[in-house]
Amino acid sequence: MTTKTKDGYTFLSISSSHLIFLRLSSFLPLKDKSFSHPLSILLQLWDHFVVMVYNSMWTGYGIRMILRGEMEIDFICENVVVMGFTVWYIVIQMKRQQFCSLVKFCEKLWSYLEVGEEVVVRQFERKGHYFRNFMLFNLLLMCTLFITTAHFIKLPPLEANGTERKILPFRFFMDVQEEPAYSAMYTLQFFVCYFVVFMIASAETVSLYLIMMACGYLRSVRNRLLSLEGNDDDTGEKGEAAFKLVVGCAYFHQQILIFCKDIERMTRTLFLFACFCPIYNASITGIVLLNNDEDKFKFILNLFYNFFQFFLCQWAPEYLSEESEVIAEAAYFASLQPLASSHRQKINRILFFMMMRAQKPVQLTAGGFVKLSIETFGAMSKNAFSFFMVLQNFRS
């Protein structure tokens with residue numbers, strides 16, 4: 001399945017960057033090792049430790065804030081991102097065996113490609129690759145802004161003649177001012193939060209990688225059907241060759257639909273949180289940007305991240321739905337080709353069933369009840385703006 005084609009692409013060569021991210025977060029076992037291997041267990045313990053520290057920083061700060069009888073709206077913006085990622089991480093960890101099976105199924109589908117079709121799949125894989133890297137760049141920039149801001153922002157002293165207080169880059173469950181405790185906590189936050197950035201990109205890769213690979217496979221089926229050349233010659237060889245091509249397309253299409261169904265079962269819970277958390281958090285972030293705080297501009301990237309994450313979880317399923325639907329058009333045009341009469345009836349019967357199945361496109365959902373599409377993106381964005389206006393009126 002990983003033998004090189006004439007174009008030099010293999011399943012592993014185009015998937016390597018995605019697999020590195022997924023193994024980094026223990027969503028997949030290390031290469032040529034199982035989840036029970038000591039190195040895999042050690043990496044998983046490190047990932048759990050990082051997520052626990054990352055989550056405890058904001059949770060502890062929130063508890064301390066509530067005990068003081070305060071409520072900071074900018075804390076809510078940050079905490080929604082933290083909690084959203086934590087839920088994603090837990091859900092994927094619970095489903096990692098299922099995800100591992102999906103990756104193996106994806107590699108199995110690669111073996112059904114004909115020479116030259118791997119280029120088509122790679123074009124779709126590259127879209128997911130660039131989107132993931134763009135999100136990673138945004139998260140790294142956001143993390144860097146938080147760290148940089150901590151150097152220039154000082155809190156007023158608690159006493160009249162006291163010194164200004166230092167702040168840590170990110171929330172923490174206790175106020176640390178003395179050295180070397182401050183430097184130790186600063187370093188801990190630095191390493192934990194930068195590592196979490198790569199883990200967030202890994203979590204986004206789970207759905208994006210599988211969906212874009214499925215889109216590439218569907219496009220390969222479409223191109224194969226459109227390449228069917230008609231011929232009135234009633235020779236057995238040409239009729240049999242056309243029949244085998246159509247049967248191969250039908251079987252490949254059937255396997256891809258099974259793959260897509262497994263994707264829907266695995267991602268419906270992930271998309272539920274990916275839909276509702278970011279878009280309404282964007283409304284809260286908008287309120288923060290209206291404040292007069294001198295460090296509010298670091299939330300601009302937070303706002304952009306929320307909108308981009310929400311768009312991404314609508315765009316990829318929409319793309320998959322479109323690619324599955326155009327199979328019907330390709331099968332229709334293939335059925336119009338002047339094929340040999342000895343095989344025409346059998347070929348068109350298969351194409352008819354492919355057309356009927358493709359008229360019900362693949363539809364991914366959030367939680368099994370919200371259909372993911374660009375139309376949903378527009379509708380929920382309007383709702384988020386209405387929510388922002390309600391918050392603004394309440395704030396006024």
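In what follows, residues are counted from 1 in the order of the sequence shown.
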- Query: Crowded around E375 CD? As in, over 12 foreign heavy atoms under 6.0 Å?
  - Reply: no
- Message: Looking at every heavy atom in both S34 and P29, which two are closest together, and how far apart are they?
- Response: C-CB, 3.7 Å
- Message: Whether the side chain of S183 engages the backbone of P180 through a donor-acceptor N/O pair (distance < 3.5 Å, no angle test) should be reported.
- Response: no
- Any donor-acceptor N/O pair, R132 side chain to M135 backbone, under 3.5 Å: no
- Message: Please confirm whether the ring centroid of F173 lies under 6.0 Å from the ring centroid of Y61.
- Response: no
- Task: May I ask you to decide if L270's main-chain N or O and W88's side chain share a donor-acceptor pair within less than 3.5 Å?
- Result: yes
- Message: Taking CD in E179 as the centre, count heavy atoms belonging to other residues, nucleotides or ligands within less than 6.0 Å. Is the count above 12?
- Response: yes
- Compute whether any side-chain donor of one residue and acceptor of the other, for S13 and T10, lie under 3.5 angstrom apart. yes
Do any side-chain atoms of residues 201-215 form donor-acceptor pairs under 3.5 angstrom with protein atoms, and if so which ones, sequence neighbours left out?
unit_1 : atom_1 : unit_2 : atom_2 : d
S202   : OG     : F21    : O      : 2.7
S202   : OG     : S25    : OG     : 3.2
S202   : OG     : F198   : O      : 2.8
E204   : OE2    : Q309   : NE2    : 2.6
T205   : OG1    : A201   : O      : 2.7
Y209   : OH     : S15    : OG     : 2.8

- Can you check whether C77's main-chain N or O pairs, donor with acceptor, with N281's side chain at less than 3.5 Å? yes
- Near Y194 OH, under 6.0 Å, is it more than 12 heavy atoms from other residues, nucleotides or ligands? yes
- What do you reckon, is NZ of K371 surrounded by more than 12 foreign heavy atoms closer than 6.0 Å? no
- Hey, what's the ring geometry for F170 with F146, parallel, tilted or perpendicular (30° and 60° as the breaks)? parallel
- Query: Do NZ/NE/NH1/NH2 and the carboxylate oxygens of R268 and E264 come within less than 4.0 Å?
  - Reply: yes
- Query: Is it true that the side chains of H18 and E125 contain a donor and an acceptor less than 3.5 Å apart?
  - Reply: yes
- Task: Measure across F259 and C106 and return the closest heavy-atom pair with its distance rounded to 0.1 Å.
- Result: CZ-CB, 3.8 Å
- Spell out, as yes or no, whether a donor-acceptor pair under 3.5 Å connects the side chain of Y332 to the backbone of L351. no
- Task: Could you list who else is in I41's hydrophobic cluster, with ILVMFWY side chains joined at under 4.5 Å, directly or through other members?
- Result: L45
- Message: Given 3.5 Å as the limit, does a donor-acceptor pair link the side chain of Q98 with the main chain of K95, or not?
- Response: no
- Query: Under 3.5 Å, side chain of T376 to main-chain N/O of L372, donor-acceptor pair present?
  - Reply: no
- Message: Taking atom CZ as the centre, does F195 end up with more than 12 heavy-atom neighbours from other residues, nucleotides or ligands that are less than 6.0 angstrom away?
- Response: yes
- salt_bridge(R171, E78) N-O dist < 4.0 Å: yes
N/O donor-acceptor pairs under 3.5 Å from side chains in residues 312-319, not counting sequence neighbours:
unit_1 : atom_1 : unit_2 : atom_2 : d
Q314   : OE1    : S373   : N      : 2.9
E318   : OE1    : I374   : N      : 3.3

- Query: Can you name the closest pair of heavy atoms from P169 and Q189 and give their distance?
  - Reply: CD-OE1, 3.3 Å
- In terms of side-chain geometry, is the basic nitrogen of E240 or K346 positioned less than 4.0 Å from the acidic oxygen of its partner? no
- Task: For F191 and V50, run side chain to side chain contact (heavy atoms under 4.5 Å, CB included): C-alpha distance rounded to whole Å, both residues' side-chain angles, the deciding distance at 0.1 Å, then the answer.
- Result: CA-CA 9 Å; F191 284 106; V50 168; over 6 Å; no
- Item | Aromatic F35 / basic R96 pairing, under 6.0 angstrom, 45° off normal | yes
- F385 six-ring face occupied by K382 cation (under 6.0 Å, within 45°): no
- Task: Without swapping roles, check the side chain of S56 against the backbone of V53 for a donor-acceptor pair under 3.5 Å.
- Result: yes
- Any side-chain donor near an acceptor of the partner, N55 and T86, under 3.5 Å: yes
- Note on the structure: Here the pair of heavy atoms bringing R64 nearest to F172 is NH2-O, 3.3 Å
